[in-house]
2 protein chains.
Amino acid sequence: MNKKISTDPHLDFERPLVTVDVVIFSVIDDKLAVLLVRRPDDEREPFPGRWALPGGFVDVNQDRSLQDCAARKLREKTGVKAPYLEQLASWGDSGRDPRGWSVTSAYFALITLPVGQAEVPIAGAPESQWVEVEEARRKRLAFDHSQILAAAVARLRSKVEYTSLPAFLLTEPFTLPQLQQTYEVVLGREVDKSAFRKRMLDAAFLEEVGVVDGVFGRAATGYRIRDRDRAVTFPRMFKSGE
Amino acid sequence: MNKKISTDPHLDFERPLVTVDVVIFSVIDDKLAVLLVRRPDDEREPFPGRWALPGGFVDVNQDRSLQDCAARKLREKTGVKAPYLEQLASWGDSGRDPRGWSVTSAYFALITLPVGQAEVPIAGAPESQWVEVEEARRKRLAFDHSQILAAAVARLRSKVEYTSLPAFLLTEPFTLPQLQQTYEVVLGREVDKSAFRKRMLDAAFLEEVGVVDGVFGRAATGYRIRDRDRAVTFPRMFKSGE
DNA sequence: ATAATAGTGTCTCTCAGACACTATTAA
DNA sequence: TTAATAGTGTCTGAGAGACACTATTAT
């Protein structure tokens with residue numbers, strides 16, 4: 001394509017670089033964590049050795065769409081195939097990548113980790129690590145990834161106030177107390193049990209699926225998400241006005 | 001750049017086309033309207049003669065960022081310099097543009113029209129027209145612009161339920177009854193005057209700026225937006241649940 | 001029985017909506 | 001005074017939070 005002579009002068013414009021980055025969230029040890037990868041140490045690469053969000057160039061021969069590209073990156077880094085994956089926003093300017101004018105479409109994903117996978121590096125992949133969100137935000141990430149991470153965290157925290165998003169961070173079947181715990185982890189504060197349960201059950205996005213035994217005490221009802229393709233929106237915020 | 005030999009094999013990848021499209025809303029004759037432009041009749045261009053959203057290629061030598069590019073398109077089409085301009089989302093896949101894999105970052109803008117400008121075409125510009133939103137949605141627009149328009153309308157209607165966005169559709173100073181009328185136009189339903197006024201004044205995003213006389217009846221307090229850089233979010237939806 | 005956890009009932013407070021009321025202006 | 005519009009007060013209902021209560025399980 002670069003060599004093709006077009007009849008349309010626009011097509012001979014210099015084209016920006018196009019990448020996709022994915023902010024992959026999970027809950028590990030009751031902490032919200034995000035997956036970071038290390039940039040290669042090659043000095044010819046931008047930001048060598050720095051931590052970055054997983055992502056990279058769109059491959060026009062492999063990716064049918066931006067969403068496909070994001071799903072591919074996620075699969076390559078984590079093996080997860082059916083996550084919650086939502087477009088966050090795009091950033092594009094002349095300065096964010098030293099190689100030239102570049103645009104990135106950022107996505108954020110919510111996934112559950114098979115037990116023990118947190119420490120297992122994926123064979124052949126560049127070094128990657130789950131980092132607790134507050135720690136990740138203190139790092140100076142490559143490119144404008146600190147800004148993208150901040151936007152993703154803000155969007156997640158904001159949506160958690162009025163949507164069922166945290167359910168996508170749990171392995172099914174899960175219980176309402178587990179779900180409440182996940183909300184509390186993401187929100188960073190406690191919520192009232194009674195109000196919480198009313199809210200979740202009234203929203204009718206869960207379906208019962210047997211009983212889950214805990215280690216102690218009374219067994220709890222197990223639930224799974226009715227429709228994994230969309231999160232539900234509650235009629236009010238958790239704390240109105242704040 | 002197309003001819004440059006890079007040390008990084010990634011940079012020799014085929015690059016997608018990058019465009020920006022802007023969904024420009026205004027209220028004309030108490031109807032929500034959107035600006036459409038006609039594609040050139042040149043048969044070598046995609047979708048010749050079809051209506052489309054204003055937009056086009058990012059010019060890496062002129063635009064410092066995607067937002068700048070969107071602001072430039074808006075200025076070129078309407079002359080408006082300081083609108084409300086928000087990124088909507090990006091669409092990118094192999095099929096949306098017959099010229100190749102392309103990505104568009106779509107923005108939506110809320111502007112006020114100087115009286116009478118609705119009919120005045122901008123000199124030298126391609127044919128453009130304000131079209132009432134429901135009519136625009138019935139047209140088969142170029143590219144995937146019908147889908148983008150639908151997303152923009154959905155986002156606007158949704159945000160109107162809990163933000164001060166409609167204030168950006170009015171020329172300052174405006175009155176609370178005018179603002180209420182604008183909310184009703186965008187929402188497509190009536191809202192209660194008392195509740196509406198409480199909501200707006202409690203949110204404290206307006207400041208009084210004298211008195212505005214109407215044609216009949218009692219004069220009304222004039223207001224302007226305190227901070228034009230952001231819309232405020234109300235603690236609740238207009239109609240909870242629905 | 002006790003500890004631990006799951007799940008429910010009841011009260012209260014806040015706030016949005018309904019709607020009737022008062023206020024100000026021009027003719 | 002009347003018509004037209006701006007602006008206010010009061011009641012009610014829905015729903016979230018607080019918190020005490022009951023239920024079920026393992027030891």
Side-chain angles (χ1 to χ4, degrees), chain A residues 30 160-164 166-167 170 173-184 187-224 232-242, chain B residues 30 160-164 166-167 170 173-184 187-224 232-242:
Chain A
D30 288 342
V160 164
E161 298 279 356
Y162 59 93
T163 70
S164 61
L170 286 169
F174 53 83
T175 69
L176 283 179
Q178 282 169 356
L179 183 56
Q180 181 177 348
Q181 167 71 10
T182 306
Y183 268 85
E184 290 172 343
L187 287 171
R189 65 169 193 268
E190 299 195 332
V191 300
D192 178 78
K193 180 170 56 163
S194 173
F196 179 81
R197 298 175 66 94
K198 267 183 286 187
R199 212 183 162 91
M200 295 303 134
L201 295 176
D202 287 355
F205 68 100
L206 297 173
E207 57 188 5
E208 292 191 21
V209 57
V211 168
V212 176
D213 282 26
V215 182
F216 299 109
R218 176 173 172 179
T221 306
Y223 292 91
R224 64 185 186 80
V232 302
T233 299
F234 305 127
R236 294 203 196 171
M237 302 260 180
F238 259 104
K239 272 224 184 292
S240 58
E242 172 61 10
Chain B
D30 288 343
V160 164
E161 298 280 355
Y162 59 92
T163 69
S164 62
L170 286 169
F174 52 82
T175 68
L176 283 180
Q178 282 170 356
L179 184 57
Q180 181 175 349
Q181 166 71 9
T182 305
Y183 269 86
E184 290 172 344
L187 288 172
R189 65 167 193 269
E190 298 195 334
V191 299
D192 179 77
K193 180 170 57 163
S194 173
F196 179 81
R197 298 174 67 93
K198 267 184 285 187
R199 212 183 161 92
M200 295 303 134
L201 295 176
D202 286 355
F205 69 99
L206 297 173
E207 56 188 5
E208 292 190 19
V209 57
V211 168
V212 176
D213 282 25
V215 182
F216 300 111
R218 178 173 171 178
T221 306
Y223 293 91
R224 63 183 186 81
V232 302
T233 300
F234 305 127
R236 295 202 194 171
M237 303 261 181
F238 260 103
K239 271 225 184 292
S240 58
E242 156 51 4

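In what follows, chains carry the letters A, B, and so on, assigned in the order in which the sequence lines appear, proteins first and then strands, with residues in each chain numbered from 1.
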Distance, rounded to the nearest Å, where B/Phe196 contributes CZ and D/dG9 contributes C1':
19 Å
Separation of D/dT8 atom C1' from B/Arg199 atom CZ, nearest Å, is 19 Å
Which nucleotide in the list C/dA18, C/dT10, D/dT24 gets nearest to the side chain of A/Ser194?
C/dT10
Comparing B/Ala195 and B/Arg218 on DNA chain C - which has the more 5′ nearest nucleotide:
B/Ala195
Send over the distance from B/Gln178 CD to D/dA4 C1', rounded to a whole Å.
16 Å
Distance, rounded to the nearest Å, where B/Lys193 contributes NZ and D/dT8 contributes P
10 Å
Give the rounded distance in Å between these two atoms: CG of A/Asp192 and C1' of D/dA20.
11 Å
Look at the side chain of A/Thr221 against the base of C/dG7 and say whether a donor-acceptor pair falls under 3.5 Å; ignore hydrogens and angles.
no
Let's see if you can work this out: which of D/dG7, C/dT5, C/dA6 has an atom nearest to the side-chain heavy atoms of A/Phe216?
C/dT5
Just the rounded figure in Å: distance from C1' of D/dA14 to CZ of A/Phe234.
17 Å
Distance-only donor-acceptor test, A/Lys198 side-chain atoms vs D/dG15 base atoms, 3.5 Å
no
For D/dG7, does OP1 or OP2 lie under 4.0 Å from any side-chain N or O of B/Arg197?
yes
